[in-house]
There are 2 protein chains.
Amino acid sequence: MTDTYGNMHRRLTDYMRDHGLKLTRQREEILSRFVELGKHVTVEELLHAVRQVSPGVGHATIYRTMKLFVDSGVASERHFLNGPACYEPGEHHEDHHDHLICTACRTIVEFENDAIEQLQNEVATQHGFELKHHKMELYGLCPACRGA
Amino acid sequence: MTDTYGNMHRRLTDYMRDHGLKLTRQREEILSRFVELGKHVTVEELLHAVRQVSPGVGHATIYRTMKLFVDSGVASERHFLNGPACYEPGEHHEDHHDHLICTACRTIVEFENDAIEQLQNEVATQHGFELKHHKMELYGLCPACRGA
DNA sequence: TTGATTGCAAATAGTTTGCAAGCTC
DNA sequence: GAGCTTGCAAACTATTTGCAATCAA
């Protein structure tokens, strides 16, 4: 299941229909900007982008809408470097990628590693846990910042 | 290097001497309570414990002191479940343990896994990163909460 | 029309900071 | 005595919530 605008819009409208919620101008607008901005968007960035088109939108609306997006599986929330939350397309529990983060320039690179996932499951099982999801972030210097 | 009170106290006083800082009653007190309380202590918990002995201490002092502890390598800071920061003895970059966290009762179990560490290093190298440290949290249900 | 949604402002949680008074070296 | 520290209050950042007005179905 790819995260195209069409798929996400459908997932969102399905979710709203099933929960008696309404498709508003703001929600449509926020979804467009969210998809446009791509990965790792903060509420502030999203608000800025949305206000270029609809100046009146309040930040509470972005917060509420992003929560709705997360609940409907259209977005997932991440927290890096104890900064503000940022969002990326797709469901947290569906995708299995982690992040490499440059501590100097804050560049974020995504990666996937099945062997690590496998070991994580083993660790959880060893401790009697039923694993739901995980969070793994590797911090270091990216190639550019190592050279500098 | 074990994290006994004596070692930590020495590390802290060395750091303070080298930086022209002063050993105050509050700092001594906070270090004792910190060691006493053990792992994963929040500022609020620490403040409560310290005030049992020294009622006048303000929370700003705890925040400032914990920052000092982190800088001197006596404590390291963690962030779980986007809650408040919590602290544990020892330097972040020195130890190599990660956490299993119960999403129901917030129990925290520590573990270490060299194979995962190894793979993390490989991933970083593949992307040209120089790995400094990492953060890995596995979320799920602990044995007790699975039964419930 | 009905009830979900919005924007605003105020509230909240966690943390930091300015400043006068106090304490350590 | 010099200057680091403290406690308090105020500021700040990220986020949530109450509420009257507005809008979607």
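In what follows, chains are A, B, ... by sequence order, proteins preceding strands, each numbered from 1. In what follows, every heavy atom counts, from backbone to side chain, and hydrogens, waters and symmetry copies are set aside. For clarity, every value in this text was computed on a predicted model and none was experimentally measured.
No donor-acceptor contact under 3.5 angstrom links the side chains of A:His127 and A:Glu122, judged on distance only. Using modelled atom types, one finds a donor on one side chain and an acceptor on the other under 3.5 Å when comparing A:His134 with A:Gln120. Residues B:Glu137 and A:His133 have side chains that never bring a donor and an acceptor to within less than 3.5 angstrom of each other. One side chain, A:Glu28 or A:His9, offers a donor N or O that lies under 3.5 Å from an acceptor on the other.
In this structure, B:Arg25 atom CZ and D:dT5 atom C1' are separated by 11 Å, rounded to whole Å. With rounding to whole Å, A:Glu28 atom CD is found 16 Å from D:dC23 atom P. Rounded to whole Å, atom P of D:dT15 lies 11 Å from atom CE of A:Met66. Here the P atom of nucleotide D:dA14 and the CZ atom of A:Phe80 are 16 Å apart, to the nearest Å. One atom, NE2 of A:His59, and another, P of D:dT13, lie 13 Å apart when rounded to the nearest Å. Atoms CD (A:Glu44) and P (D:dT13) sit 10 Å apart, rounded to a whole Å. Rounded to an integer number of Å, the gap from A:His19 NE2 to D:dA25 P is 17 Å. Distance, A:Ile62 CD1 to D:dT17 P: 17 Å, rounded to whole Å.
Running 5' to 3' along DNA chain C, contacts with non-hydrogen atoms of chain A at under 4.0 Å begin and end at C:dG3 to C:dC8.
Between B:Arg51 and B:Gly20, it is B:Gly20 whose nearest contact on DNA chain D lies nearer the 5' terminus. Comparing A:Lys67 and B:Thr61 by the nucleotide of DNA chain D that holds the closest heavy atom to each, the one mapping nearer the 5' end is B:Thr61. The nearest heavy atom of DNA chain C to B:Leu21 and to B:Val43 marks one nucleotide each, and the one closer to the 5' end goes with B:Val43.
Enclosure of atom NE2 in B:His48 is not indicated, since only 12 or fewer non-hydrogen atoms of other residues, nucleotides or ligands lie within 6.0 angstrom. Counting non-hydrogen atoms of other residues, nucleotides and ligands closer than 6.0 Å to NZ of A:Lys67 gives a total of 12 or fewer.
For A:Gln26, no side-chain nitrogen or oxygen approaches OP1 or OP2 of D:dC23 to under 4.0 Å. For A:Thr24 and D:dA24, the shortest distance from a side-chain N or O to OP1 or OP2 is not below 4.0 Å. Note on A:Tyr63: every side-chain N or O is 4.0 Å or more away from OP1 and OP2 of D:dT16. Taking only side-chain nitrogens and oxygens, B:Arg27 comes nearer than 4.0 Å to OP1 or OP2 of D:dT5.
Across all strands, B:Gly83 comes closer than 4.0 Å to no nucleic acid atom at all (heavy-atom distances).
Looking at the side chain of B:Lys22, the nearest of the listed nucleotides D:dA25, D:dA2, D:dT17 is D:dA2.
By the 30° and 60° cut-offs, the orientation of the rings of B:Phe69 relative to B:Phe34 is tilted.
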